[in-house]
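Right, one structure below, let's go through it.
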Amino acid sequence: MKRGLVAYSSSEDEAPASAPERKKKKLPSLASSLIVPVPVDDPALHQGRVRAIPHVEGQYAAYVYIPLVVHPGTSLFSLVEEVLDVTKEMVPTVHAIETMVPCSRNRGGLVVNSSRGARELHLSLTRPIFLRAHQREDFKQAVKLIASRQTPFQASFATFSELTNDERTRAFLSLEVGAGHNELRGLLSALSPIIQSLHQRDFYSQPRFHVSIAWALLGPDTSVNRDADTKIHPCSYDGVIAAEGSSDDDLTGDGGIGESNKEFQPECLPRVPHFPSELIPTLKQRFGARVSSAHTGGFDADIIVVKIGKDIFSWPFQGSLVERIKP
C-alpha cells in the first residue's frame with residue numbers, strides 16, 4: 001500500500017509572530033547625596049600642586065612625623081621669621097610653610113594653653129604611605145608601640161639647606177638636624193619593618209632629617225650659569241606636580257590620593273628654575289651661629305604623630321633610659 005507524501009509547512013509558516021517591543025522604563029536618577037564625587041585636581045586651588053598618585057577609592061595617604069611647635073616670643077620663632085623675610089626678598093615667589101596652631105602639647109602629650117599663632121614644624125620619619133581602610137588601625141597600633149618604647153631625647157638644628165622633592169617640581173628651604181640624628185635613625189629602623197610589610201618605600205637610605213619652612217614651584221632650568229639671576233616662569237607647567245614626600249603639605253587636603261591630570265592647564269603660577277645660588281650661603285652667614293646654638297635651635301623630641309587622611313593621632317615617647325640600655 002502506497003503512502004501519500006506528507007506536506008511540511010515552510011519555516012516561514014512556523015515562525016511565530018514577532019512580539020511588540022516593550023518600552024524601556026527610565027530609571028529615576030539618584031539623589032545627589034548618594035553620588036560620590038570624583039576627585040578632580042585643580043592646581044590653582046593647591047598653589048600649583050597636583051596629586052601624583054591616581055585616586056583609589058578606600059585608600060588613604062598617611063605619614064609619620066615628629067612635631068615641633070614654635071611659639072611667638074621664642075628665639076627660634078624670631079629666627080624663622082627673620083629667615084623668611086630675607087628669603088622673600090631674594091625669592092619673591094617663595095611660600096612660607098605656615099601650619100599655625102593655637103596650642104601645643106607638653107611632655108605627657110596633653111594639650112596646654114599657648115599663645116595664638118604658634119608655628120608647627122614637622123620632622124618627617126616616612127615618605128607618604130598609602131593605606132587601605134583595614135590597614136589603618138594596625139598601622140596606628142604599631143607606631144603607638146614604637147612610641148611606648150622610645151625615650152624622649154633632645155635634638156637641635158645645625159644648618160640651612162635647599163632640598164627638592166623626588167619629582168624636582170618644588171624646592172624647599174629647610175633647617176637640618178644635627179644633634180639627635182642617631183635617635184632619629186633608630187626610629188627609622190623601628191618603622192622600617194612596618195613599612196616593608198605594607199610593601200611601601202622606606203625612608204631615604206641617607207636621610208637628611210629636617211623641617212621645611214618655605215617652598216617654591218620649580219620650572220625648567222634654562223640658565224647655563226646657576227649664579228645668573230633667578231628668572232620667574234609665570235606660566236610653565238611640567239605635568240604632574242607632586243608634593244614633597246616628607247611633609248604633610250605633600251598630602252592633599254582631604255587626605256585622599258587624587259587623580260593627576262597632565263592635560264589640565266592651571267592658571268599662571270609663578271615658578272623659578274631654582275633658588276639663587278647665594279641664598280643658602282647668605283642665610284648661613286647671617287643666621288648660622290644662631291640656628292646651631294642650643295638656645296635657639298635646640299628642641300625636645302618627645303612625641304610622634306601619624307596623619308592618616310584628615311585624621312591625626314599622637315603618642316608621647318614613654319620609654320626609659322633603663323629600657324634603652326638593657327641588653
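All of these numbers come straight from a predicted model, not from anything done at the bench.
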For [X], what residues pass the side-chain contact (heavy atoms from CB on, under 4.5 Å) criterion, not counting sequence neighbours?
X      : result
His199 : none
Ala133 : Tyr60, Arg136
Ala190 : Ile146
Gln196 : Ser192, Asp202

Lys144 atom NZ: more than 12 heavy-atom contacts under 6.0 Å: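 Atom NZ in Lys144 is not crowded, with 12 or fewer foreign heavy atoms closer than 6.0 Å.
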
Who pairs with [X] by side-chain hydrogen bond (donor to acceptor under 3.5 Å, both in side chains), at least two apart in sequence or on another chain?
X      : result
Arg185 : none
Asp311 : none
Gln141 : Glu137

For Phe209, all residues meeting ring pair (Phe, Tyr, Trp, His ring centres under 6.0 Å), sequence neighbours excluded: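 For Phe209, the residues satisfying ring pair (Phe, Tyr, Trp, His ring centres under 6.0 Å) (neighbours in sequence not counted) are His181.
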
Partners meeting ring pair (Phe, Tyr, Trp, His ring centres under 6.0 Å) with Phe139 (sequence neighbours left out):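 Phe139: no ring pair (Phe, Tyr, Trp, His ring centres under 6.0 Å) contacts found.
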
Partners passing salt bridge (Lys or Arg N to Asp or Glu O under 4.0 Å) against Arg286 (at least two apart in sequence or in another chain):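 Arg286 satisfies salt bridge (Lys or Arg N to Asp or Glu O under 4.0 Å) with no residue once adjacent residues are dropped.
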
Closest heavy-atom pair and its distance - Ala158, Val291: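 Heavy atoms of Ala158 and Val291 come nearest at O-CG1, 4.1 Å.
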
Show me the side-chain donor-acceptor pairs of residues 76-84 shorter than 3.5 Å, one per line, residues at least two apart or across chains.
residue: Ser78; atom: OG; partner: Thr74; partner atom: O; Å: 3.2
residue: Glu81; atom: OE2; partner: Arg119; partner atom: NH2; Å: 2.4
residue: Glu82; atom: OE1; partner: Arg290; partner atom: NH1; Å: 3.1
residue: Glu82; atom: OE2; partner: Arg290; partner atom: NH2; Å: 3.1

Distance-only polar pair, side chains of Glu176 and Ser161, donor-acceptor under 3.5 Å: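 Yes, Ser161 and Glu176 have a side-chain donor paired with an acceptor closer than 3.5 Å.
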
Salt bridge Arg201-Asp166, side-chain N to carboxylate O under 4.0 Å: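 Salt bridge between Arg201 and Asp166, a charged N being under 4.0 Å from a carboxylate O: yes.
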
